[in-house]
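Read the structure below first, then the notes.
For ligands, and for the atoms within them, numbers begin at 1 and follow the listed sequence.
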Amino acid sequence: MDYISTRDAQAAPVGFVDALLGGLAPDGGLYVPTAWPQLDMADLAGRPYAKAAEAVLSPFIGDAIEPAVLRRMLADTYAPPAFAHQSVAPLRQLGPDLWLMELFHGPTIAFKDVALQLLGRLFDHALAQRGARATILGATSGDTGSAAIEGCRGRSNIDVFILYPAGRVSEVQRRQMTTVDAPNVHAVAVQGTFDDCQALVKVAFADGAFRREQSLAAVNSINWARIAAQVVYYAAACAALRAPVRFAVPTGNFGNVLAGWVARRMGAPVAGLHIATNANDILARFFATGVMEAAPAVAATLSPSMDIQVSSNFERYLFEVLDRDARALAALMQQFRQNGRFAVGKDVMTRARADFAATRCDDADTLAAMRRCYAETGVVVDPHTAVGLSAAYAAQHEGPMVALACAHPAKFPDAAERALGLRPALPPHLADLLDRPERTETIPADLPAVQRFIRERTA
Ligand SMILES: *Cc1c(COP(=O)(O)O)cnc(C)c1O
C-alpha cells in the first residue's frame with residue numbers, strides 16, 4: 001500500500017515505512033492510503049485480537065514487512081505482559097443494548113497503548129531493516145508521553161525523549177514516565193507550560209540540521225500507523241456483536257473516532273459514530289454550524305486528554321468528504337492558519353452529518369454520566385469515558401451502542417472522588433507505582449538546552 005499527502009495528491013506516493021517514520025508529509029499534510037482495502041468480516045468473527053489485527057493491518061502494510069514477521073510482532077504486542085486482558089479490548093455490557101469497550105488494559109491504562117505498543121515495535125523493526133536509528137521527540141500533557149515511553153522502552157534502535165511541563169502533570173502521569181528504568185528512555189521536565197513543551201518540539205523539528213543529525217521522528221496521533229492500529233478494535237467489536245454497531249467516542253484530536261470511520265469505509269458494519277467533546281467543543285460547533293473555528297483558548301476540564309483547541313486528524317476526514325481534492329483541502333487549511341476559521345458548503349455538511357453525530361458534554365454532564373453509570377451498574381468510569389457515555393445516553397438508537405472506555409478510572413482518581421466519593425485502585429501491575437524510584441531531569445524551556453540534552457544522550 002502506498003500513501004499520499006492530504007495537501008498534495010500530485011506528489012509521488014510513499015510506502016508504508018516512509019509514512020510510518022516520516023509522520024507528517026513534507027508539505028505539512030497528513031498521509032492517507034491511496035485506496036481503502038475491504039475487510040472480510042467473516043474472517044474476524046471469533047478470532048483472537050492479534051489475528052483480527054493481522055486481517056485489518058496487512059493490507060495497509062503490504063510487502064513493507066514480511067507476513068511472518070508481522071504475525072509474530074502482533075502476537076507479541078497483543079498479549080501479556082503488554083496487555084493483561086486476554087481479549088485486549090473486552091466488551092462489558094452496561095444495559096440491554098449498551099456496552100463499554102475497555103481499551104485500558106495496556107501498560108499505561110489508557111487506550112493510546114493499543115496503538116503505541118505496536119508502533120514501538122514497527123519503528124524498531126523498520127529502523128533495523130534500514131540499519132538506522134531514530135530519536136523520538138514528543139511533548140505531553142499527560143497520557144501520550146507515558147504510552148510513547150512504554151511503547152519504546154528497551155527497543156534497540158530508538159531513543160525517546162518526552163518533554164513534560166514541570167509540576168503541571170498529575171503524580172500518576174508523571175510517575176508513569178519517570179519510573180521507567182530503560183537507558184533509551186528520557187522523561188524531561190521543562191520549566192514551563194505544556195504549550196512551551198509543544199513549541200520546543202516544533203522548533204526542534206524545524207531545525208533541519210538537528211532533525212537530520214538525530215533522525216527525529218514523532219509518534220503523535222497524526223502518525224498514520226496509530227490510526228490503522230485503532231481500526232482493529234472497531235472491526236473486532238462489530239464482529240463480536242454480530243450486528244451493525246454504533247460507537248460513542250470521547251474525542252480530542254479526532255484520531256480515535258477517525259479510526260471508526262475507516263473501519264466503516266473498509267466494510268465493517270458501523271451504524272453510527274457519535275463524537276463526544278468536552279467543553280473544548282470545536283467539533284460539536286462545526287457539526288452544528290458548518291464552520292470550523294478555534295476557540296480563543298483551551299479550557300481546563302475534568303477530561304484533560306481532550307483539552308485541545310484544534311482536532312488535527314480531522315484533516316484526513318475532510319480530505320475524504322471533499323472527494324480527495326487536495327487543492328481544496330490545502331486552501332481550507334491555509335484559511336484556517338490565516339484566520340483561525342473556515343466554512344464548508346451545504347453538501348459537504350450533509351455528507352458529514354450522515355457520517356457523524358457530535359455532542360458537547362461539559363464537566364457537569366461528565367459527573368452526571370459517572371454517577372448514572374455507577375448507580376445503574378456499579379461500574380466506575382473515568383471522566384473521558386463519561387463524556388462518551390453521556391453522548392450515548394442522550395442518543396436515540398436501536399441496536400447495540402458501544403461507548404469507548406479510553407482510560408482506567410484510577411488514572412483520574414480526583415474526578416471519581418468528586419463524582420462518587422471514592423478513589424479507584426490502580427490495577428496490579430501499577431500497584432507499587434507510588435513507591436518506585438523516579439528518574440527525571442529538569443531543563444529550562446529553551447531550544448539550545450533541549451538540543452544539548454538530547455545530543456549528550458545520543459552521542
Ligand atoms: C487521547 C485521549 C482521548 C482523545 O482521543 P483522540 O484520538 O485525540 O480523539 C480521549 N480519552 C483519553 C483517555 C485519551 O488519552
- Item | Heavy-atom pair with the smallest gap, counting every atom of I109 and D113 |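 I109 and D113 have their closest heavy atoms at N-OD2, 3.3 Å.
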- Query: Which parts of the protein, at residue level, reach under 4.0 Å of ligand 1 through a heavy atom?
  - Reply: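 Residues near ligand 1: F111, K112, D143, P250, T251, G252, N253, F254, G255, N256, S305, M306, H384, C406, A407.
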- Task: Would you indicate whether the side-chain heavy atoms of Y233 and L404 approach each other to under 4.5 Å?
- Result: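 In short, these two side chains touch, coming nearer than 4.5 Å.
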- side-chain hydrogen bond (donor to acceptor under 3.5 Å, both in side chains) contacts in which one or both residues fall within residues 356-369, not counting sequence neighbours: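 Sorted pair list: D281-R360.
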- Query: Hey, are D76 and R121 close enough for a salt bridge, meaning a charged N less than 4.0 Å from a carboxylate O?
  - Reply: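 Looking at R121 together with D76, the answer is yes, because their closest N to O distance falls below 4.0 Å.
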Side-chain donor-acceptor distances from residues 82-91 under 3.5 Å, at least two apart:
{"unit_1": "H85", "atom_1": "ND1", "unit_2": "S87", "atom_2": "N", "d": "3.1"}
{"unit_1": "H85", "atom_1": "ND1", "unit_2": "S87", "atom_2": "OG", "d": "3.3"}

- Return the set of residues passing side chain to side chain contact (heavy atoms under 4.5 Å, CB included) with C373 (not counting sequence neighbours), or none when no residue passes.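 Once residues adjacent in sequence are excluded, the partners of C373 under the side chain to side chain contact (heavy atoms under 4.5 Å, CB included) criterion are L94, T377, V379, V381, L389, Y393.
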